[in-house]
Each structure stands twice: as structure tokens, then as C-alpha cells.
Amino acid sequence: MISETDAGRIRQNNQDCLQGGLIGENTLWAVVCDGMGGPSGGKIASETAVQIISKNIVSHYKEEMGLNSIRSVLFTAVSAANAMIFDMAQNDEELKGMGTTVVAIIISGDTACIAHAGDSRAYKVSRDALEQITKDHSIVQYLVEQGEITQEEARSHPNKNFITRAVGVQETIDIDYNEITLSDDDRILICTDGLTNCVSDQEIHAIVMGADVEGSARALVEKANQNGGQDNITVVVITQ
């Protein structure tokens, strides 16, 4: 797993947060969050979510678990983070309205199990294609689905930062879940919208599947900054 995070060229603070690692010999996990809610609230929300979700995954995952149990681990972890962040925001006027996107993944064998909310994304990257696994919970995604704007127009839409689902905003959270089967050459990309708003699918695919696997996360961040660096940028690249 290769990761990189950067504040970008416009924002002073980096409100993205990430963590990941190996459980046992064969199971990889990672979590990426993009906070929102002012200079302090967004950072607190993303860091809190990553801390709680990471702790839950590491403590509750067992090697013998089936896919249904892994799904339960991810849902429990994200729900615990949601409860904590919601309570913190309710009890501190300065933190009201804070929340965070989340993509949490456990890769067991050849199966990637992914829980998410918000507009941070997970992709499967193969030799021939870049496939978005997660679906954005955002105003612009709704407009795309309604045929009112194109996917390209969504990149620069004035409401592109308005998300419709996030960790910690409501007392309970609706979590999306995906399972995908991976081939030996497939790679997983997890990222915040600081990457996808600035770097095209073609550029992302070329960098992730390029010869320099170890430098791919750094190269993606550099490309986003070259193209404007309008937001915090976080990238995780996972190889089989």
C-alpha cells in the first residue's frame, strides 16, 4: 500500500486523513476521510473518524471471517465513528455541522470489501480500465444522473462540494457497501475529491498502472497540484 496526502495549493490546512496497514499475513485495510465544517471542525471530524474506524477494524477483524462478517466489521466501525462525531458536534458550538466523507476497505484474499459515504472514491484499476466502484453522495452526482449536467461539467460545477451524506452529520448514517473480485494485476485506488476534481480519468489510469508503482501516489498528488491543487489531496494505491 502506497499513500500520500497534501494540502494542495489553495487551502492552508489539510483536513484529509488516512490510515491503513496489514492484518495478519494476507489482509490489507485502509480508511480515507475528507473532513468538512470549518478550519477546526473538518480536521477534527476526519481525524476522529480515521482513529475510530481504524481501531475497530484492527480489533474486530479475524482471519477466519467470511464476507458477511467483514461487512459487519466495516458497518460497525463507520457507525461508531458517526455516533462519536455527531455527539461531539452536538456538545460543542464551535464544532456544529462538522462531518467527514469516508471510504473504508478490507481486502481479504481476492475480494475487496468497501464501505463509504460522501464523495471520496474507490476505484478498481486494471490494465484496460479505470472503474469507479463507489457512487458519490453529492448534489452534482444527482444532477448527472438526472441528465442535467455531464460528468465533465460536474468537475467544475459551483455546487461540487455539496455532499448529501457524511459521517457525523446525522444521528444515524446510511452506509453504501460494495464487494469486488480482484485479479492479480488489479490495483485499488482510494482518493478524496482533491484528486478527481483536478486529474482526468485518463491521467489517473496512466499513473496508477505505470511502471513506477512505488511513486504512483506521489505522482498523482503532484499532477493534481500541477492542475491547480484546489483542495486537499489524499491518495492510497493498493496492489495485490
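Sequential numbering from 1 along the given sequence is applied to the chain's residues. Since the model is a prediction, treat every value here as computed from it, not as a measurement.
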What heavy-atom pair brings [X] and [Y] nearest, and what distance separates the two atoms?
{"X": "A166", "Y": "I173", "answer": "O-CD1, 3.6 Å"}
{"X": "A122", "Y": "I114", "answer": "CB-CD1, 4.2 Å"}
{"X": "A112", "Y": "I107", "answer": "CB-CG1, 4.0 Å"}
{"X": "I85", "Y": "A49", "answer": "CD1-CB, 3.8 Å"}
{"X": "S54", "Y": "V50", "answer": "OG-O, 2.6 Å"}

Do [X] and [Y] land in one hydrophobic cluster if side-chain heavy atoms of ILVMFWY residues count as linked below 4.5 Å?
{"X": "V31", "Y": "F75", "value": "yes"}
{"X": "I133", "Y": "V237", "value": "no"}
{"X": "I10", "Y": "V235", "value": "no"}
{"X": "M65", "Y": "L67", "value": "yes"}
{"X": "V58", "Y": "I238", "value": "no"}

Taking side-chain hydrogen bond (donor to acceptor under 3.5 Å, both in side chains) as the definition, give me every residue that meets it alongside S46, ordered by chain and number, with sequence neighbours left out. none
Using the test side-chain hydrogen bond (donor to acceptor under 3.5 Å, both in side chains), find all partners of T27 that sit at least two apart in sequence or belong to another chain. Y61
Applying ring pair (Phe, Tyr, Trp, His ring centres under 6.0 Å), name anything that partners H137, two or more places apart in sequence or on another chain. H116
Give a yes or no on this: more than 12 heavy atoms of other residues, nucleotides or ligands lie within 6.0 Å of atom CE of M209. yes
Near E203 CD, under 6.0 Å, is it more than 12 heavy atoms from other residues, nucleotides or ligands? yes
Sort and list the pairs that fulfil ring pair (Phe, Tyr, Trp, His ring centres under 6.0 Å) and have at least one residue in residues 197-221, not counting sequence neighbours. none
What pairs meet the salt bridge (Lys or Arg N to Asp or Glu O under 4.0 Å) rule with one or both residues in residues 228-240, with sequence neighbours excluded? R11-D231
Under the salt bridge (Lys or Arg N to Asp or Glu O under 4.0 Å) rule, what pairs show up with a residue in residues 47-74, not counting sequence neighbours? K43-E47
In sequence, state the C-alpha distance, the side-chain angles, and the governing distance for V167 and C33, and then conclude on side chain to side chain contact (heavy atoms under 4.5 Å, CB included). CA-CA 9 Å; V167 177; C33 290; over 6 Å; no
Below 4.5 Å, heavy atoms only, C-beta onward: do V32 and T192 meet side chain to side chain? yes
Do V213 and I2 have side chains that approach each other closer than 4.5 Å (heavy atoms only, starting at C-beta)? yes
[X] [atom1] to [Y] [atom2] distance, which is reported to the nearest 0.5 Å:
{"X": "Y123", "Y": "D201", "atom1": "OH", "atom2": "CG", "answer": "5.5 Å"}
{"X": "T196", "Y": "I233", "atom1": "OG1", "atom2": "CD1", "answer": "10.5 Å"}
{"X": "L130", "Y": "Q202", "atom1": "CG", "atom2": "CD", "answer": "9.0 Å"}
{"X": "Q132", "Y": "N178", "atom1": "CD", "atom2": "CG", "answer": "10.0 Å"}
{"X": "R9", "Y": "C198", "atom1": "CZ", "atom2": "SG", "answer": "10.0 Å"}
{"X": "I207", "Y": "L220", "atom1": "CD1", "atom2": "CG", "answer": "4.5 Å"}

Partners of E4 by side chain to side chain contact (heavy atoms under 4.5 Å, CB included), sequence neighbours excluded? A217, R218, V221
Residues two or more places apart in sequence or in another chain: which of them pass side chain to side chain contact (heavy atoms under 4.5 Å, CB included) with S3? L18, V236
Suppose the criterion is side-chain hydrogen bond (donor to acceptor under 3.5 Å, both in side chains): which pairs have a residue in residues 72-84, not counting sequence neighbours? none
Picking from I70, L28, N26, what satisfies side-chain contact (heavy atoms from CB on, under 4.5 Å) with S108? I70
For I44, which of E94, Q15, M88 qualifies under side-chain contact (heavy atoms from CB on, under 4.5 Å)? M88
Sequence neighbours excluded, which residues qualify as salt bridge (Lys or Arg N to Asp or Glu O under 4.0 Å) partners of D110? none
If you apply the rule side chain to side chain contact (heavy atoms under 4.5 Å, CB included), what do you find for I53 with V78, and how did you get there? CA-CA 6 Å; I53 293 168; V78 174; 4.1 Å; yes
Please determine whether side chain to side chain contact (heavy atoms under 4.5 Å, CB included) holds for the pair L195 and I204, giving the CA-CA distance in whole Å, both sets of side-chain angles, and the decisive distance to 0.1 Å. CA-CA 9 Å; L195 177 74; I204 291 172; 4.1 Å; yes
Output side-chain donor-acceptor pairs under 3.5 Å for residues 95-106, partner residues at least two apart or in another chain, one line each.
| unit_1 | atom_1 | unit_2 | atom_2 | d |
| --- | --- | --- | --- | --- |
| T100 | OG1 | D34 | N | 3.3 |
| T100 | OG1 | D34 | O | 3.2 |
| T101 | OG1 | D34 | N | 3.0 |
| T101 | OG1 | S120 | OG | 2.7 |

Going through the checks in order, is the side chain to side chain contact (heavy atoms under 4.5 Å, CB included) test met by V169 and M36? CA-CA 10 Å; V169 176; M36 61 183 191; 3.4 Å; yes
Identify all side-chain donor-acceptor contacts of residues 179-191 below 3.5 Å with residues at least two apart in sequence or on another chain.
| unit_1 | atom_1 | unit_2 | atom_2 | d |
| --- | --- | --- | --- | --- |
| E179 | OE2 | Y177 | OH | 2.8 |
| D186 | OD2 | S183 | N | 2.8 |
| R187 | NH1 | V208 | O | 2.5 |

